Amino acid sequence: MEKVKDTKVAHFLDKMAVESEPGLTTAQLMLFNHDLKPVEPERREWGAWNFVGFWVADSFNINTWMISSSMIVAGLSWWQSWLCVWFGYAISACFVVSTGRIGAMYHISFPVVSRSSFGIWGALWPVFNRAGMACVWYGVQAWIGGECVYLMIRAIWNNWRPDNVHNGIPASGTNTVMFVSFLLFWAGSLPAIWFPVHKIRHLFTVKAYFVPTAGIAFFIWAIVRAKGIGPIVHQGSTIHGSKLAWQMVKGIMSSIANFATLIVNDPDFARFARKPRDALWSQLFTIPIGFAVTSFIGIIVSSSSTVIFGGDPIWNPLDLLERFLQEGGSGQRFGVFIIAMAFTLAQLGTNIAANSVSAGTDMTALFPRFLNIRRGGYICAIVGLVMCPWNLLKSSNSFTTYLSAYSVFLSSIAGVIVCDYYFVRKGYLEIKALYSGKKADPYYYTFGIHWRGYAAYIAGILINVVGFAGAIGRKVPAGATYIYDLNFFCGFIIAAAVYYGLTRFFPIPACSETWLEVGDEIRNVSVAYGADDNSEDYDEEVVIGGNSKAREDGQKVF
C-alpha cells in the first residue's frame, strides 16, 4: 500500500484533487468536496434583490422572446397566448420555490438534495441526466449567442456575411462566418465560468439593467417604424371549442416544460440565499412577471414586423435585426449593434445560469475528488463545442421537440424530491448523513440506492412515454396524447403519489412526525467520521487523510 501511495501517479492524482476535508474515507471522497458542502454563512451572499436580478436577466433571452409564436401559429390570439405564458410561468414559479426552499433552508445543491430521496449512490443517475442535458443546451445556447455576435460584427463590417466570405470548412455543416462568430462567443464565455457562484450575481445585476433597457428600445423602435403595433393584436383565434381549450393547455404546459431543468436545479442557486425568504417571494413574483413582459415585447415587435417588411411576422428577433441591417444606414447599424450586444449578454447570462453552473454542480457530484463547479463548467463548455451544435439545429423543430420532451421527464425527479421533503420527511434532513458512506445511516438504503424513489421515478416516466412517442411522430391513442398534453403535471403527480404510497407501506428512517426544518443550525459542517463511530458500519475500509488543499478552518460538526 505504501508503494502505491509513493508512486508518481498517486502524487499526480493528489495534486489534481480538489479542495476537500481531511479525514474522509474513500466513499466520502466520492460524496463530498468544498463545492458540495453546505454553504457556510460567509458565502451566503444572495439577497432578495439578487434573485430578482437573476430572473429578470434570465427571462430576457431569445427563447422567451419567441415563446408565444408557436401558440399564435397554432391558432390562439395574442392575448390567449400571453395568458398561457402568465399561467405557465406562475405555475413554474411555484415549482421553483418548492425545490429552491430546500436549498435555501439547508444550503445544499440539487445533487445533495436528491440523495435523500434516491440514495447516496442512486442520486448519481438523476444528476447524470441533468448534467447531460445542461451540456447539450450549453452548446445550443452558445450557437445562438454566436448568431448575436455575427450581427454585432456585421453591424460594424457589412462584408461579414456567409455569401461574401470564403467558406473554408464546406464539409462541416456550417460556414466560416458563423463558426468564427460562434467560437468568439464560446471563448468570450470562458472567463465568466471562472468566478464562484456566489460572486456571479453581479453579472445578472448588470444584465438585469442593460438587457431589458435594450429590449424596450427595440420595442419602441419597431412600433415607431410600423406607426403602430401591427395587425397581430387585432387578430382573433382561429380555433374554437375544445380544440381551443386543449391548445391553451398545451401552451401552458410548454411554458412549464421550458422551465423543467430550472425547477430541478434551483437549489444550486437558492443555497446561497442569506435567508430562506430571500429565495421565496423574489422568485415567486419575478418569474411570471419577467417572462410575461419579455413575451409581450416579442409579440408586439413581431406584429410590427408585418407592417415594416410585409408578409408573415418575423418571430426571431435576430432575423428581424438582420433585415434592419440590410436596409443600411449608420443609425440602423448602431441600433442593431447595441441590441445585438444586449442579446449576446442575455445569452451569456442564460447559458451560465441554466447550463454551466448546473452542469458544473452536477459533475462535482459525479467526481467530487477531482471536479469542482469551475472544472465542471469548463468541461461543459468543451462538450458544447465538440458536439457541433449547428448540426443539431439543422432541423430546429425536431430538435426542440426531442429536448423539450426529454426535459419533461425531469418532472418525475421533481415529484419524488418534493414529496420526500414536504410530505414524507416534513422538512427534516440529517445533513451529515447525506455525505455518509456508512451502511447504517438513513440515506444509504439498499447498496446506496433507494428503490422506492426509483419505482416512483419510473412510474412518472411511464405515464408519459406513450404520448412522447406520439410527439415524435408515432401513431398513438388519443387518450395518450391528452395525457402527454399535461405532461409535467402527470409525471410530477404520479411520481409523487407513488413515492408517498410506497413510503407509507414501507416506512423510511429520518422522518419527522411534525414539520421540522433544522437548517438554521447549519454553520460550518464537518462530515469526517469521529473516533467514536463504529467502523463496522462503513462500506469501505481505508480512511484517507485528505489532500494538501484541504481546509482547516475550525469546522463545526452539525
Side-chain angles (χ1 to χ4, degrees), residues 57 60-66 69 141-168 174-189 192 203 206-230 232 294 296-351 390 393:
F60 198 97
N61 61 68
I62 293 170
N63 289 336
T64 308
W65 186 285
M66 298 172 59
S69 62
Q141 295 284 14
W143 180 258
I144 297 173
E147 293 178 339
C148 301
V149 172
Y150 156 73
L151 288 175
M152 290 175 62
I153 298 174
R154 187 175 171 187
I156 299 171
W157 180 37
N158 192 47
N159 289 329
W160 186 250
R161 304 191 309 272
D163 61 347
N164 196 56
V165 176
H166 172 69
N167 183 15
T174 184
N175 56 71
T176 300
V177 167
M178 298 310 299
F179 179 76
V180 171
S181 300
F182 161 69
L183 199 60
L184 288 172
F185 178 87
W186 180 87
S189 302
L203 169 65
V206 172
K207 181 183 170 184
Y209 283 105
F210 177 63
V211 178
T213 302
I216 293 172
F218 194 7
F219 173 78
I220 296 171
W221 188 13
I223 291 178
V224 170
R225 287 209 53 188
K227 297 181 175 59
I229 55 178
I232 290 179
T294 304
F296 177 76
I297 293 174
I299 291 172
I300 300 303
V301 170
S302 299
S303 177
S304 300
S305 71
T306 62
V307 177
I308 300 170
F309 297 106
D312 295 329
I314 302 173
W315 290 105
N316 189 331
L318 302 182
D319 292 341
L320 183 55
L321 288 174
E322 190 165 17
R323 292 290 295 271
F324 284 155
L325 275 179
Q326 291 170 358
E327 293 181 337
S330 58
Q332 297 264 91
R333 295 208 314 272
F334 177 77
V336 169
F337 178 85
I338 296 298
I339 295 171
M341 184 169 63
F343 276 119
T344 302
L345 180 59
Q347 288 303 115
L348 171 64
T350 299
N351 225 7
W390 54 88
L393 290 171

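Treat the numbers as computed from the prediction; the structure is a model and nothing was measured.
Between the Gln332 side chain and the Leu325 main chain, no donor and acceptor come within less than 3.5 Å of each other. With Asn164 contributing its side chain and Asn159 its backbone, the two residues share a donor-acceptor pair below 3.5 Å.
The CD1 atom of Ile297 sits 9.5 Å away from the CD1 atom of Ile220 when rounded to the nearest 0.5 Å. One distance of note links CZ of Arg161 with CZ of Arg154; it measures 5.5 Å at 0.5 Å rounding. Taking CG from Leu318 and CE from Met66, the interatomic distance works out to 8.5 Å, rounded to the nearest 0.5 Å. Distance check, rounded to the nearest 0.5 Å: CD1 of Ile62 to OG1 of Thr294 gives 12.0 Å. With rounding to the nearest 0.5 Å, the separation of CG in Asn61 from CG in Asn351 is 10.0 Å. Residue Leu321 holds its CG atom at 10.0 Å from CD1 of Ile314, rounded to the nearest 0.5 Å.
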- Message: Set out, in order, the CA-CA distance, both residues' side-chain angles and the distance that settles side-chain contact (heavy atoms from CB on, under 4.5 Å) for Asp312 and Thr306, then state yes or no.
- Response: CA-CA 6 Å; Asp312 295 329; Thr306 62; over 6 Å; no

- Please test Trp221 against Val301 for side-chain contact (heavy atoms from CB on, under 4.5 Å), starting from the C-alpha separation and ending with a verdict. CA-CA 9 Å; Trp221 188 13; Val301 170; over 6 Å; no

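Taking the side chain as every heavy atom from C-beta outward, Trp143 and Trp186 never approach each other to under 4.5 Å. Annotation: side chain of Leu345 is in contact with side chain of Leu203 (closest heavy-atom distance under 4.5 Å). Contact of the Gln347 side chain with the Phe185 side chain is registered, since non-hydrogen atoms from C-beta on lie closer than 4.5 Å. Contact annotation: the side chain of Met341 approaches that of Phe210 to within less than 4.5 Å [non-hydrogen atoms, C-beta and beyond]. Two residues are said to be in side-chain contact when any heavy atoms from C-beta on lie closer than 4.5 Å; Phe343 and Ile144 fail this criterion.
For the pair Arg225 and Glu327, the salt-bridge criterion is met [side-chain N within less than 4.0 Å of a carboxylate O].
When all heavy atoms of Val211 and Ala346 are compared, the closest pair comes out as CG1-CB, 3.9 Å. Closest of all the heavy-atom pairs between Asn175 and Asn167 is CA-OD1, 3.2 Å. Counting all heavy atoms, side chain and backbone alike, Ser302 lies closest to Gly298 at OG-O, 2.9 Å. The two residues Leu151 and Ala340 come nearest to each other via the heavy atoms CB-CB, 3.9 Å. The two residues Ser304 and Ala222 come nearest to each other via the heavy atoms CB-O, 3.7 Å. Nearest heavy atoms, Ser305 versus Leu320: CB-CD1, 3.8 Å.
Trp160 and Ser181 are linked by a side-chain donor-acceptor pair at a separation below 3.5 angstrom, with hydrogens and angles left out of the test. In the model, Lys207 has a side-chain atom that pairs as donor or acceptor with a side-chain atom of Thr350 under 3.5 Å.
Aromatic pair Phe182/Tyr150: ring centres not closer than 6.0 Å.
The aromatic rings of Phe218 and Trp65 lie parallel to each other, with less than 30° between the two planes, well short of the 60° mark.
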